[in-house]
Amino acid sequence: MKRKLLTGIKYLFLLLYALTCLYPFMWMLGTSLKTQQESLLDPISLFPKGGFQWHNYIDVWGKMDFFKYFMNSVIISLGVVIGVVIIYSMVGFALARLNFVGKKVIFFMYISLILVPGITVLIPLYINMTNLGLDNSYLGVILPLINGGAPFAVFLFTNYFKSVPKSLYEAAIIDGCNPFQIYRKIYFPLSMPAIGTIAVMNFIASWNGILWPMIIINNKNMFTLPMAIMYLDQSAFKQWNVLMAGSMFSVIPVIIIFIFLQKFYIQGLTSGSVKG
Amino acid sequence: MFKKKFTKKMVRENIVAYTFLLPGLLLFLTVGLYSVIFSIRMSFYNWSGVDFSTARFEGLNNFKNILFGRNPQQTIDFRNAIFNNFKIAFFSIIVILPLALIIAVMIQRTKKGGGVLRTIYFIPMVASGAAIYYAWQGLYASDGVLNSFLSKIGLDFFVVRDGILGNPKTALIGVIIVVIWTSLPSTMILYYAGLSNISESIYEAANIDGASKFTVMWKITWPLLKPMTVVALINALNASFQMFDNIFILTGGGPAKSTDVSGTLLYTTAFRDSQYGNASAMGWTVFILTLILSLISLKRMKTDY
């Protein structure tokens with residue numbers, strides 16, 4: 001009996017915490033479906049009493065070109081993911097399987113990159129990118145974010161490739177493959193779990209990030225979703241319903257991706273911590 | 001003859017290797033290293049942007065400005081920001097560590113619905129960007145959810161008239177709650193992973209010896225999870241000193257600088273006041289500070305194990 005009571009208390013606690021996690025999202029959804037008046041007069045209720053105002057979503061798309069911002073975010077996040085995966089799987093392959101001068105230096109160089117706080121190098125990055133004529137361009141946003149993803153990706157790819165039996169590499173060499181073919185046809189396809197982890201971590205980080213895009217982009221056409229939401233907020237007084245409708249566009253995709261690929265995300269969190 | 005062939009092979013392998021490294025190295029040199037060196041250099045100059053040839057070498061003056069009162073207001077602001085960083089780190093850590101451990105232990109033993117709950121617990125961390133910070137603003141606002149709720153249940157005394165984030169006395173508490181809400185999952189998963197690595201036989205042995213649940217937790221689980229705690233501590237410290245997005249959207253550092261942290265101060269110093277040199281000096285001071293703190297935590301771990 002006492003045991004049952006304890007289990008009940010445990011579940012109550014776990015459910016309460018789950019509710020705490022979800023509440024802001026539920027409020028966001030509820031508010032996005034209210035009329036403006038209702039969002040101001042009755043902020044508490046999660047279900048709009050005056051009917052669901054689905055047109056808030058259409059209004060937000062009409063108010064500014066949300067499709068464009070959505071696509072900008074998609075292009076930037078995918079660009080970062082593709083760049084990180086390709087560039088650092090190559091680096092990882094070289095570090096794990098090839099012998100070359102300066103190997104230790106290069107590994108150390110990438111790992112120590114993690115110590116440099118992003119915000120410290122913000123100003124030179126901005127100046128650097130502007131000098132290269134990359135301000136207000138996809139590449140200007142993407143390149144520094146790729147470099148920022150380096151430490152984790154290099155670490156994970158190197159370790160992953162090291163765990164692939166070396167005999168596989170030697171057998172392929174004997175069969176007449178060159179290292180490029182081995183990388184492309186054997187090692188890269190084999191590293192799908194590592195790719196998944198790195199892809200999800202980087203996608204979520206670049207999808208949510210605001211600091212760097214905010215600095216390098218000032219052309220409204222190049223805004224990312226978070227920037228568009230911040231722009232919505234700049235009206236004279238807050239239109240909570242419209243602001244929350246816009247916010248939903250940025251929250252939903254990342255939640256969907258997480259639900260489907262959470263295995264990779266959680267792997268990333270734990271493997272990222274071991275090196276700490 | 002043999003030796004010559006050998007070196008030829010080595011040269012070839014080096015060429016192959018550097019072909020693989022080339023894109024990554026180019027990016028590192030142009031984006032990473034260049035920025036780091038430029039940033040260090042800039043911290044010794046007085047410069048308001050545009051053309052670096054207009055910059056004036058100042059030696060350590062920027063550091064004196066922000067640290068030792070050569071520019072009194074800047075020193076006050078910087079100390080305030082660092083102090084806020086520490087407050088956020090401290091109060092979030094003392095809540096997050098025990099709570100994350102409790103939840104991890106509970107969920108590890110949960111068969112029914114454990115997977116779904118775990119997924120839900122992660123959503124705050126995954127989906128926290130500008131959008132979710134605006135939702136928090138809505139909860140905290142003067143006519144927002146929290147205040148309306150308090151006055152509805154008759155606790156008017158607790159209503160914060162300017163909103164939680166609009167009042168210098170409560171804004172930092174509001175921010176810390178959001179920080180806890182978003183960063184609890186990462187610590188939880190650390191403990192969860194750590195718990196899965198503890199072998200069942202230890203618990204069985206303790207059971208046979210008649211140890212109470214509390215004793216098991218205090219004498220076995222907690223010490224075995226100590227490495228995880230150290231990692232969680234370092235992560236939380238680093239995260240709090242690199243914090244920007246959440247504060248920038250929630251409060252912008254206000255009201256009256258009550259939530260200003262080094263990140264937001266650096267941002268305004270550089271991009272609003274165009275004091276690039278001072279901003280860089282702040283950045284590197286924070287870097288050295290977090291490096292020292294991380295090393296101390298790591299060292300503690302090493303001596304304990």
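Residue numbers begin at 1 in each chain, while the letters A, B, ... track the order of the sequences.
- In this structure, chain A has a heavy atom under 4.5 Å from the side chain of B:L266, while its backbone stays farther away.
- For chain A, the nearby part of B:K152 is the side chain; its heavy atoms alone come within less than 4.5 Å.
- Within the 4.5 angstrom heavy-atom criterion, only side-chain atoms of A:I255, from C-beta onward, approach chain B.
- Note: B:F248 leads B:W136, B:F248, B:F149 in heavy-atom pairs under 4.5 Å with chain A.
- When each of B:D143, B:V16, B:L27 is scored by its heavy-atom pairs under 4.5 Å with chain A, the top score falls to B:L27.
- Residue A:L132 does not touch chain B at all, counting heavy-atom pairs closer than 4.5 Å.
- For the side-chain contact (heavy atoms from CB on, under 4.5 Å) test with A:Y17, the passing option among B:I102, B:L117, B:L184 is B:L184; the others fail.
- Of the atoms belonging to B:Y133, not a single heavy atom falls under 4.5 Å from chain A.
- Panel note: side chain B:S240, backbone B:N85; a donor-acceptor pair is recorded below 3.5 Å.
- Distance alone, capped at 3.5 Å, places no donor-acceptor pair between the A:K34 side chain and the A:W240 backbone.
- Contact tally against chain A (heavy-atom pairs below 4.5 Å) for B:A141, B:S186, B:G129: the top residue is B:G129.
- Outside the 6.0 Å centre-distance limit, the rings of A:F155 and A:F107 are not counted as a close aromatic pair.
- If you measure heavy-atom distances from B:S128 to chain A, the contacts under 4.5 Å come from the backbone alone.
- The parts of A:A18 that come within reach of chain B are both its backbone and its side chain, each placing non-hydrogen atoms under 4.5 angstrom from that chain.
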Stepwise side chain to side chain donor-acceptor pair (under 3.5 Å) check, B:T269 with B:N278
CA-CA 7 Å; B:T269 308; B:N278 285 327; over 6 Å; no
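- Chain B forms more heavy-atom pairs under 4.5 Å with one residue of A:S247, A:C21, A:A94 than with any other, namely A:C21.
- In terms of modelled atom types and a separation under 3.5 Å, the side chain of B:R118 and the main chain of B:I107 share no donor-acceptor contact.
- Interface residue B:T110: backbone and side-chain heavy atoms are both found under 4.5 Å from chain A.
- Shown are A:V254, A:I259, A:I252; of these, the side-chain contact (heavy atoms from CB on, under 4.5 Å) with A:I256 is made only by A:I252.
- With 3.5 Å as the limit, one finds a donor-acceptor pair spanning the side chains of A:Y183 and A:S89.
- Both the backbone and the side chain of B:M106 come within less than 4.5 Å of a heavy atom of chain A.
- A donor-acceptor pair under 3.5 Å is formed between the side chain of A:Y110 and the backbone N or O of B:G24.
- Only the side chain of B:L291 comes within less than 4.5 Å of a heavy atom of chain A; its backbone N, CA, C and O stay farther away.
- Per-residue heavy-atom pair counts under 4.5 Å with chain A were compared for B:G144, B:A130, B:A127, B:S262, and the maximum is reached by B:A127.
- Taking A:V251, A:L125, A:I257 one by one and counting their heavy-atom pairs under 4.5 Å with chain B, the maximum is reached by A:L125.
- Ranking A:I119, A:I229, A:L211 against chain B, the residue ahead of the rest is A:L211, based on heavy-atom pairs under 4.5 Å.
- There is no contact between B:L146 and chain A, counting heavy-atom distances below 4.5 Å.
- Ring pair A:Y88/A:F157: centre-to-centre distance not below 6.0 Å.
- The most heavy-atom pairs under 4.5 Å with chain A, out of B:A232, B:P185, B:S35, come from B:S35.
- Side-chain atoms of B:T187 never come within 3.5 Å of backbone atoms of B:I96 as a donor-acceptor pair (strictly under, hydrogens ignored).
- The part of B:F244 that comes within reach of chain A is its side chain, from C-beta onward, which places non-hydrogen atoms under 4.5 angstrom from that chain.
- Within the 4.5 angstrom heavy-atom criterion, only side-chain atoms of B:Q242, from C-beta onward, approach chain A.
- Between the side chain of B:S196 and the main chain of B:Y192, a donor-acceptor pair closer than 3.5 Å is present.
- For an aromatic pair to be called close, the ring centres must be under 6.0 Å apart, and A:F66 with A:F70 fails this.
- Interface check for chain B: of the options A:L15, A:I127, A:N131, the most heavy-atom pairs under 4.5 Å are formed by A:I127.
- Here A:F25 is the residue among A:Y265, A:Y23, A:F25, A:F93 with the most heavy-atom pairs under 4.5 Å with chain B.
- Interface residue A:I204: only side-chain heavy atoms are found under 4.5 Å from chain B.
- With ring centers used as reference points, B:F271 lies under 6.0 Å from A:Y126.
- Counting heavy-atom pairs under 4.5 Å between each of B:F38, B:F241, B:F28 and chain A puts B:F28 at the top.
- Interface remark: of the candidates A:M230, A:M227, A:M248, A:M230 forms the most heavy-atom pairs closer than 4.5 Å to chain B.
- Of the N and O atoms on the side chains of B:Y34 and A:N128, not one donor lies less than 3.5 Å from an acceptor on the other residue.
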